[in-house]
Amino acid sequence: MTLDHVMLSRMLTSLTLAFHIIFATIGVGIPVMVSIAEFIGIKKNDSHYILLARRWARGFTITVAVGVVTGTCIGLQLSMLWPSFMKVAGQVIALPLFMETFAFFFEAIFLGIYLYTWDRFKNKWLHWLLTIPIMIGSSASALFITTVNAFMNTPQGFELKNGKAVNIDPIAAMLNPATPSKVLHVITSSYMTSALVLAAITAILILKGKRSEYYKKALRLTVAASLIFSIGTALAGDISAKFLAEVQPEKLAAAEWHFETEKDADLILFGTLDEHNQIKNEIRIPKMLSFLAGSSFDTKVIGLDEFPKDEQPPLWIHYMFDLMVSIGSFAIFITFLFLISWKAERFNEWSKPLLWGVAITGPLSMLAIEFGWIYAEVGRQPWILRGYIKVAQAATTGEGVGLTFIMFAILYLVLAILTCVVLIKMFRRKPAETELEQRFQIKAS
């Protein structure tokens, strides 16, 4: 593999997005979990849930700070690495990029107010109301930036004449055909992943011996939320699959190794390809791809044979799709099993195998986000702006991208280490038990 300017630009962009998406996902989902915990705490007058909200919000501020840094890096790299793309598309998608920044400022303002007004309202519901603009800001930020990605997949709202964008309609560009399904999938998966990460952290602490009521309530809340959001993500994924079948059939065909247009198409899970693209060792579900594509077992599914070779996505994205779906299915299974064990007295919800099952869903769900992003971006190849500009045409021809890649890799490594160290020290120095005891002493006095 030759590390030319195109490949180096791809590598640097991939590195930045892969790192940023961790914090972006948490940034969208954690405010929802904070709001739910505080709502239940106020409703039930339960200090355990109130403390959950306080501690989650405290940790959330650290991830927001890192997300700002990596998000800024993405903005810089768009102009630095993909100048031809930004020359054409920059003015078309400037509105959602600006609105994403505005949404973040909106969220940050209310987050600051929220953090510094604990116990300052006689009516506790007034403090909880501050979580609403925080949730709106974080989800709106995801919405606006996702419309940019959707635009890259189904561009509209402009005409290309002599290499320049004219007759620009920024609203039409934002509300492109891919926007509804992409936004729904991004937001629901962010909620799901954040809930699963919190559930995993709690399960690990319980496995280490922390079995007070605080941890039990935390695990039950996060697992219940995880199941709800996981089901929502699965429904959003189904909507996305039907959209791809209609509008981006080459992406779905590559993901499912569907080489010929046909009805009664089988769903292919895992497997391998030989040199003649013959599928071997696969798990085959008869007619299921047709059903996913059109809610009918006899739906005609377009195959890769209808697209030129140089416009077909790489076939290895099949594994990204399979891994994403498999992890999502496992998350639904393990969270459902936990809740059944909780409600059914004959089962033990605190069994080690079940707790370990919950514990591994956290990192697995974050991997699913990464796999899904890779599938979404690589599945659009060879286009950076589908139907208009290919990746090879858009990359910078400047020197120094390799050195820049090394510098950013070091930056992200340092940020990752510092984030982990700060979060661990933040919660170890003041464990939940200590905070609960202090709060009870304050109330008693």
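We're numbering straight along the sequence, starting at 1.
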query: OG1/T63 to CG/L423 distance, rounded to the nearest 0.5 angstrom?
result: 7.5 Å
- prompt: Is there side-chain contact between D310 and P382, with at least one heavy-atom pair below 4.5 Å?
  reply: no
message: For the CD atom on E159, are there more than 12 heavy atoms of other groups (residues, nucleotides or ligands in this structure) within a distance under 6.0 Å?
response: yes
message: Return the CG to CD1 distance between L269 and I283, rounded to the nearest 0.5 Å.
response: 5.5 Å
task: Would you mind reporting whether I187 and T146 have side-chain heavy atoms less than 4.5 Å apart?
output: no
- prompt: Can you name the closest pair of heavy atoms from H258 and A265 and give their distance?
  reply: CE1-CB, 3.5 Å
message: One pair to check against side-chain hydrogen bond (donor to acceptor under 3.5 Å, both in side chains): N149 and E377. What are the steps and the verdict?
response: CA-CA 9 Å; N149 184 268; E377 296 302 299; 2.4 Å; yes
query: What are the two closest non-hydrogen atoms of I334 and G357, and how far apart are they?
result: CG1-C, 3.7 Å
message: Treating T222 as the side-chain partner and A195 as the backbone partner, does any N or O pair qualify as donor plus acceptor under 3.5 Å?
response: no
- request: Count the heavy atoms belonging to other residues, nucleotides or ligands that lie under 6.0 Å from CD of E246, then report whether that count exceeds 12.
  value: no
task: Say whether, by atom type as modelled, one donor and one acceptor occur between the side chain of S365 and the main chain of G362 under 3.5 angstrom.
output: yes
query: Is there a donor-acceptor pair closer than 3.5 Å between any side-chain N or O of E250 and the backbone N or O of F307?
result: no
- request: Hey, could you give me the CG/CZ distance between L339 and R220, rounded to the nearest 0.5 Å?
  value: 10.0 Å
- prompt: Is the shortest heavy-atom distance from the side chain of L364 to the side chain of L196 under 4.5 Å?
  reply: no
field: Parallel, tilted or perpendicular, as decided by the 30° and 60° cut-offs, for the rings of Y388 and F158
entry: tilted
field: Enclosure of F408 CZ (heavy-atom neighbours >12, cutoff 6.0 Å)
entry: yes
query: Are T233 and Y191 close enough that a side-chain donor and a side-chain acceptor fall under 3.5 Å?
result: no
statement: For S295 and K242, the nearest pair of non-hydrogen atoms, with its separation, is OG-CE, 2.8 Å
task: Please confirm whether the backbone N or O of T261 pairs with a side-chain atom of K300, one donor and one acceptor, at under 3.5 Å?
output: no
- prompt: Is a side-chain donor or acceptor of S138 paired with a backbone partner of M135 at a separation under 3.5 angstrom?
  reply: yes
- prompt: What are the two closest heavy atoms between G402 and L8, and how far apart are they?
  reply: N-CD1, 3.9 Å
Where L52 and A218 come nearest, the two heavy atoms and their spacing: CD2-CB, 3.5 Å
message: Using a 3.5 Å distance criterion without hydrogens, assess whether the side chain of T154 forms a donor-acceptor pair with backbone atoms of N176.
response: no
- prompt: With a 4.5 Å limit on heavy-atom distance, are the side chains of E38 and Y114 in contact?
  reply: yes
message: For F19 and E370: C-alpha separation, side-chain torsions, deciding distance, then whether side-chain contact (heavy atoms from CB on, under 4.5 Å) applies.
response: CA-CA 9 Å; F19 188 69; E370 298 285 2; over 6 Å; no
Sub-4.5 Å side-chain heavy-atom contact between L111 and L130: no
message: Quick one, K251 and N153 - any side-chain contact, counting heavy atoms below 4.5 Å?
response: yes
query: What do the steps show when you test F371 against Y375 for ring-ring contact (aromatic ring centres under 6.0 Å, His included), and what is the final call?
result: CA-CA 6 Å; F371 295 145; Y375 167 59; over 10 Å; no
message: More than 12 heavy atoms of other residues, nucleotides or ligands under 6.0 Å from CZ of F333: yes or no?
response: no
query: Which value, rounded to the nearest 0.5 Å, describes the distance between I22 atom CD1 and T419 atom OG1?
result: 9.5 Å
query: Would you say T179's side chain and L175's backbone share a donor-acceptor pair under 3.5 angstrom?
result: no
message: Using side-chain contact (heavy atoms from CB on, under 4.5 Å), reason through F338 and L227 one step at a time and then give a plain yes or no.
response: CA-CA 10 Å; F338 179 90; L227 177 59; over 6 Å; no
field: Working for side-chain contact (heavy atoms from CB on, under 4.5 Å), residues F259 and D305
entry: CA-CA 6 Å; F259 296 104; D305 58 333; over 6 Å; no
field: L304 and L315, any side-chain heavy atoms less than 4.5 Å apart
entry: yes
query: Is it true that a side-chain atom of Q393 and a backbone atom of K390 form a donor plus acceptor pair closer than 3.5 Å?
result: yes
- prompt: Just wondering, do L95 and I171 contact through their side chains at under 4.5 Å, heavy atoms?
  reply: yes
query: Got a donor-acceptor contact below 3.5 angstrom from the T13 side chain to the R10 backbone?
result: no
message: Keeping T361 on the side-chain end and V358 on the backbone end, is there a donor-acceptor pair under 3.5 Å?
response: yes
- prompt: When you look at NZ of K287, are more than 12 heavy atoms from neighbouring residues, nucleotides or ligands closer to it than 6.0 Å?
  reply: no
query: Could you go step by step and tell me if F151 and M174 meet the side-chain contact (heavy atoms from CB on, under 4.5 Å) rule?
result: CA-CA 7 Å; F151 169 79; M174 284 180 59; over 6 Å; no
message: To the nearest 0.5 Å, what is the distance between CG on L289 and CD on E262?
response: 8.5 Å
- request: For residues W257 and Y319, establish whether the separation of their ring centroids is below 6.0 Å.
  value: yes
- request: Taking all non-hydrogen atoms of both residues into account, name the closest pair between E256 and L267 and its distance.
  value: OE1-CD1, 3.0 Å
query: What is the distance from atom CG of L413 to atom CG of L415, rounded to the nearest 0.5 Å?
result: 9.0 Å
